[in-house]
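Read through the structure below, which is laid out as structure tokens, and then see the notes.
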Amino acid sequence: MIITKDQFQQWKEDPVTQAFMEASEQRIVDAKDVLGAQAGLDRDSDNFYRGFIAAYEEIQEFRIDYEEEE
């Protein structure tokens with residue numbers, strides 16, 4: 001499926017999308033708090049939270065590259 005820049009911008013401005021992004025940002029904050037408090041106690045848990053944070057940060061930074069329109 002191909003979407004336009006305008007469609008992507010509309011999606012980003014949609015209240016549901018904004019609520020999702022805010023919730024994902026809060027999950028990043030919460031996971032960093034847990035990791036900060038428990039780092040070094042359990043390697044598997046540390047790795048889980050590091051991956052969790054990286055995944056949610058990727059969601060926050062998601063962009064679409066558009067080809068030049070001719």
Side-chain angles (χ1 to χ4, degrees):
M1 176 179 187
I2 298 175
I3 63 172
T4 67
K5 285 183 183 182
D6 288 338
Q7 288 171 322
F8 184 67
Q9 190 61 38
Q10 288 174 1
W11 173 79
K12 286 175 58 177
E13 293 171 0
D14 187 277
V16 174
T17 304
Q18 291 179 355
F20 173 80
M21 292 301 197
E22 288 174 19
S24 67
E25 179 62 33
Q26 186 58 50
R27 289 191 169 151
I28 292 169
V29 170
D30 293 345
K32 285 180 178 181
D33 289 345
V34 171
L35 185 59
Q38 299 177 5
L41 299 177
D42 178 7
R43 182 183 301 168
D44 290 338
S45 180
D46 291 352
N47 288 336
F48 170 81
Y49 282 105
R50 286 176 44 235
F52 183 93
I53 292 165
Y56 274 91
E57 286 175 342
E58 177 73 17
I59 290 170
Q60 294 287 317
E61 298 168 7
F62 187 81
R63 303 286 180 270
I64 294 178
D65 292 327
Y66 295 93
E67 293 182 15
E68 293 287 326
E69 293 185 19
E70 296 179 24

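- The closest side-chain donor-acceptor pair between D14 and Q10, if any, does not fall under 3.5 angstrom.
- Nearest heavy atoms, M21 versus I59: CE-O, 3.7 Å.
- One hydrophobic cluster, built from ILVMFWY side chains closer than 4.5 Å, holds both I53 and F20.
- Within a 6.0 Å sphere centred on CG of L41, other residues, nucleotides and ligands contribute more than 12 heavy atoms.
- Between Y49 and K32 the shortest side-chain heavy-atom distance does not fall below 4.5 Å.
- Side-chain N/O atoms of E22 and Q18 include no donor and acceptor closer than 3.5 Å.
- Linking ILVMFWY side-chain heavy atoms closer than 4.5 Å, directly or via other members, places F62 and I3 in a single hydrophobic cluster.
- The closest donor-acceptor contact from the side chain of E61 to the backbone of E58 lies at 3.5 Å or more, if one exists at all.
- The distance from the CZ atom of F52 to the CG atom of L35 is 11.5 Å, given to the nearest 0.5 Å.
- Heavy atoms only, all atoms of each residue included: W11 and T17 are closest at O-OG1, 2.7 Å.
- Here the closest non-hydrogen pair linking E25 and Q60 is N-NE2, 3.5 Å.
- Heavy-atom minimum distance, R50 versus N47: NH1-OD1, 2.6 Å.
- Nearest heavy-atom pair, D46 versus Q38, reported as atom, atom and distance to 0.1 Å: OD1-O, 3.8 Å.
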